Amino acid sequence: KILHPYLQPSDRILLPGCGDAPLSSDMCEDAYSQIVCVDCASSAVERTRAALAKRGHSGAADACCAEDVRSLSFCSGYFDVVLDKGCFDALPAAHS
């Protein structure tokens with residue numbers, strides 16, 4: 001939810017190094033439908049695809065790919081947002 005003020009549902013979002021974390025599924029649940037998950041580990045990509053498909057997000061599952069983020073097959077400027085989840089993993093949890 002911390003990202004909601006900064007993102008639009010229509011944004012094309014790249015999740016580099018997605019691993020098999022539930023972030024992509026959670027974002028799809030929050031109506032972000034143009035998500036591309038990329039990881040160099042094909043096994044992580046397959047797990048992410050399966051998790052997305054299981055939650056009914058087949059379009060996002062189809063957009064997952066095993067690629068090297070240093071040489072993506074997408075055109076420059078294609079994405080509106082690049083979201084590095086690893087950065088958020090390093091942040092301390094907010095106190096309520």
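Worth saying up front: this structure is predicted, and the values here are computed from it rather than measured. Note that the numbering runs from 1 along the sequence shown for the chain.
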field: Separation of Asp11 CG from Ser33 OG (nearest 0.5 Å)
entry: 10.0 Å
- line: On a heavy-atom basis, the closest approach of Val38 and Glu67 is CG1-O, 3.5 Å
- request: Might you point out which heavy atoms bring Leu52 and Ser25 nearest each other, and give the distance in Å?
  value: CD2-OG, 3.5 Å
task: Given side-chain contact (heavy atoms from CB on, under 4.5 Å), test Asp80 with Ile13 step by step and report yes or no.
output: CA-CA 6 Å; Asp80 302 304; Ile13 302 169; over 6 Å; no
task: Take Asp20 and Glu46, measure what side-chain contact (heavy atoms from CB on, under 4.5 Å) needs, and give me the verdict at the end.
output: CA-CA 8 Å; Asp20 57 3; Glu46 288 304 318; over 6 Å; no
field: Heavy-atom pair with the smallest gap, counting every atom of Cys28 and Ala60
entry: SG-CB, 3.6 Å
message: Main chain of Gly19, side chain of Thr48: is a donor-acceptor contact present, judged purely on distance under 3.5 Å?
response: yes
- request: Locate the shortest heavy-atom distance separating Asp39 from Ala44; write the atom from each residue and the value.
  value: CG-CB, 4.3 Å
task: State, with a plain yes or no, whether a side-chain heavy atom of Cys40 is found less than 4.5 Å away from one of Val69.
output: no
task: Could you tell me the separation between the CD atom of Glu29 and the OG atom of Ser24, rounded to the nearest 0.5 Å?
output: 10.5 Å
query: Hey, are the side chains of Leu83 and Leu23 touching, using non-hydrogen atoms and a 4.5 Å cut-off?
result: yes
query: Is any side-chain heavy atom of Val45 closer than 4.5 Å to a side-chain heavy atom of Cys37?
result: no
query: Can you find a pair of side-chain heavy atoms, one from Arg12 and one from Val36, that are under 4.5 Å apart?
result: no
field: Side-chain heavy atoms of Val81 within contact of Gln8, under 4.5 Å
entry: no
message: If only side-chain N and O atoms count, and only distance matters, is there a donor-acceptor pair under 3.5 Å linking Ser10 with Gln34?
response: no
message: With a 6.0 Å cut-off on the ring centroids, do His57 and Tyr32 count as close?
response: no
task: State plainly whether the residues Asp26 and Arg55 are in salt-bridge range, i.e. N to O under 4.0 Å.
output: yes
- request: May I ask you to test the Leu14-Ile35 pair for a side-chain heavy-atom distance under 4.5 Å?
  value: no
field: Euclidean distance, Cys65 SG relative to Phe74 CZ, rounded to 0.5 Å
entry: 4.5 Å
